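Not measured: the values here are computed from a predicted model.
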Amino acid sequence: MRFFIAFLLSFAVLMGLAHFTWGRILPPPPELDWVLALEDNKWGAAEAASSPRILIIGGSEAHYGLSAEIFERETGLQAFNLGTHAGLSWRTHYLNTKRLLRSGDIVVFSVNYVRLMADDPRDLEVRYWRERDPASVFEFPVRYWPVFMGGDLLGEGLKSLGYPPGKGWLRRADAISPRGDETANMLEGKRSAQDLSRLRRTGITPPFKGEAPGLAEILKLKQAVEARGGRFYVVFPGQLDRPRFHDRPAYEGNFQAVETLFRDRDIEILNDMESALLPIELMYDTVYHPTGAGRARISTPAAKTLARDLKAEGVMTRDTMESSS
């Protein structure tokens, strides 16, 4: 029995050492390298700006699908797109945003439909925190600690060394505007039939079953924003409309259930899920990444709604500044 206990303790210590050292030994794989560089570029711009700021938070659906420049144009407030990767959980978005928050900031959180229902840490996130701050593992529930401490160490090592070989990571962390919007998705009129065919074959959106583990992180972030005198909103990002895969009434019922979930908790919504459905011609490289035109279709009405709400609340926006001059 003593031997068994000693073995378990030794194993736990070794896994802990691996967690705190592995990210320092090997270079990050290309996908993680993109996320880290993208964050550095975006955070630097947001940190240099004065508050109140509009901070758009989320995964790649926010990075590709929402426009900080449109939000800034409609409100007159400096806006920054801090969207990165859906491989990072909402707990990570909460931790990172909380560090950036200042008094009076306005947070627009992009609701990734899939993440709402399953917000467990994934492989990318394990390696992310090993690179950023290994001690942040203790910010996660205890049930996830074995994932962070152990993980797929061999697989991570092979990925860092470029195995298995593939076509490579094609996204660029410097292909962004000064406000953090993606600039490489401006492909209107340049789509190939092959690109569109691949998008059409994408599977269905999973049905919403009433369970929303990710909601707890949204509520915590909302509380942190409001404690600093700021305002918190959610927005539904663009996604491909795939009606031929769905029983349409059930599909719309999913949307209504999700929207009710937020409204029942006094979370303000800038658009509705059905209006965020986009035709295939307005999608970029996945069913959650719009082109530039698709991004504008989602962002413009959401930004106008935000501007009206801020004006009604007496927040200094372009409209209130013009009316007082």
Side-chain angles (χ1 to χ4, degrees), residues 19-20 22-24 28-47 55-66 80-102 105 107-152 156 159 169 171 173 176 180 182 212-225 227-228 230 232-235 237 267 288-289:
H19 168 71
F20 282 95
W22 199 242
R24 303 288 182 255
E31 184 176 15
L32 177 58
D33 196 38
W34 176 75
V35 172
L36 296 173
L38 195 65
E39 282 188 344
D40 289 343
N41 291 339
K42 292 185 176 211
W43 290 357
E47 288 173 338
L55 305 178
I56 298 172
I57 309 299
S60 58
E61 83 290 337
H63 173 68
Y64 286 94
L66 296 171
F80 298 90
N81 185 337
L82 304 181
T84 54
H85 199 298
L88 302 180
S89 70
W90 287 359
R91 171 64 61 95
T92 288
H93 293 319
Y94 162 70
L95 294 173
N96 285 336
T97 306
K98 189 171 67 169
R99 295 184 180 112
L100 286 171
L101 275 179
R102 298 193 205 122
D105 281 340
V107 170
V108 175
F109 193 93
S110 171
V111 177
N112 182 309
Y113 180 73
V114 177
R115 269 296 186 184
L116 176 67
M117 296 183 290
D119 200 36
D120 295 346
R122 302 175 185 175
D123 291 345
L124 177 72
E125 187 160 24
V126 170
R127 186 62 192 272
Y128 171 88
W129 282 117
R130 286 181 185 152
E131 293 282 345
R132 279 287 187 221
D133 179 11
S136 288
V137 63
F138 301 114
E139 298 276 5
F140 287 79
V142 174
R143 68 181 182 274
Y144 294 135
W145 290 6
V147 178
F148 281 92
M149 296 298 186
D152 182 9
E156 290 176 17
K159 285 181 181 178
W169 187 253
R171 297 175 186 173
I176 59 174
E182 174 67 34
L215 186 62
E217 305 305 324
I218 287 184
L219 291 171
K220 282 166 44 179
L221 182 54
K222 177 178 183 288
Q223 184 179 22
V225 172
R228 290 168 173 80
F232 182 84
Y233 301 84
V234 296
V235 63
I267 298 174
Y288 297 108
H289 294 172

Rounded to the nearest 0.5 Å, what separation is found between the [atom1] atom of [X] and the [atom2] atom of [Y]?
X	Y	atom1	atom2	result
I267	L221	CD1	CG	10.0 Å
L219	L215	CG	CG	4.5 Å
L36	R127	CG	CZ	9.0 Å
E39	Y128	CD	OH	3.0 Å
L32	L38	CG	CG	11.5 Å

Exercise. Could you walk me through whether L82 and L100 pass side chain to side chain contact (heavy atoms under 4.5 Å, CB included), step by step?
Key: CA-CA 11 Å; L82 304 181; L100 286 171; 3.7 Å; yes
Donor-acceptor contact below 3.5 Å, side chain [X] vs main chain [Y]:
X	Y	answer
R115	A86	yes
N81	A62	yes
D105	R102	yes
K222	F232	no
T97	H93	yes

Quiz item: For V35 and L88, what are the C-alpha separation, side-chain angles and deciding distance, and is it a side chain to side chain contact (heavy atoms under 4.5 Å, CB included)?
Solution: CA-CA 10 Å; V35 172; L88 302 180; 4.1 Å; yes
Quick check: do [X] and [Y] have side-chain heavy atoms less than 4.5 Å from each other?
X	Y	value
V225	L101	yes
H63	T84	no
E139	W129	no

Exercise. Output yes when E217 and K220 qualify as a salt bridge under the 4.0 Å nitrogen-oxygen rule, no when they do not.
Key: yes
Practice problem: Let me see the working for I218 and Y94 under side chain to side chain contact (heavy atoms under 4.5 Å, CB included), right down to the final yes or no. | Solution: CA-CA 8 Å; I218 287 184; Y94 162 70; over 6 Å; no
Quiz item: Checking side chain to side chain contact (heavy atoms under 4.5 Å, CB included) for the pair H85/W34: CA distance, chi angles, key distance, verdict?
Solution: CA-CA 9 Å; H85 199 298; W34 176 75; 3.9 Å; yes
Quiz prompt | With sequence neighbours excluded, residues passing salt bridge (Lys or Arg N to Asp or Glu O under 4.0 Å) with K98 | solution = none
Exercise. Please check if the distance between the ring centroids of F109 and W90 is under 6.0 Å.
Key: yes
Exercise. Compare every heavy atom of S110 with every heavy atom of L66, then report the nearest pair and how far apart it is.
Key: CD1-CB, 3.9 Å
Exercise. Could you list the residues that satisfy side chain to side chain donor-acceptor pair (under 3.5 Å) with S89, not counting sequence neighbours?
Key: E125
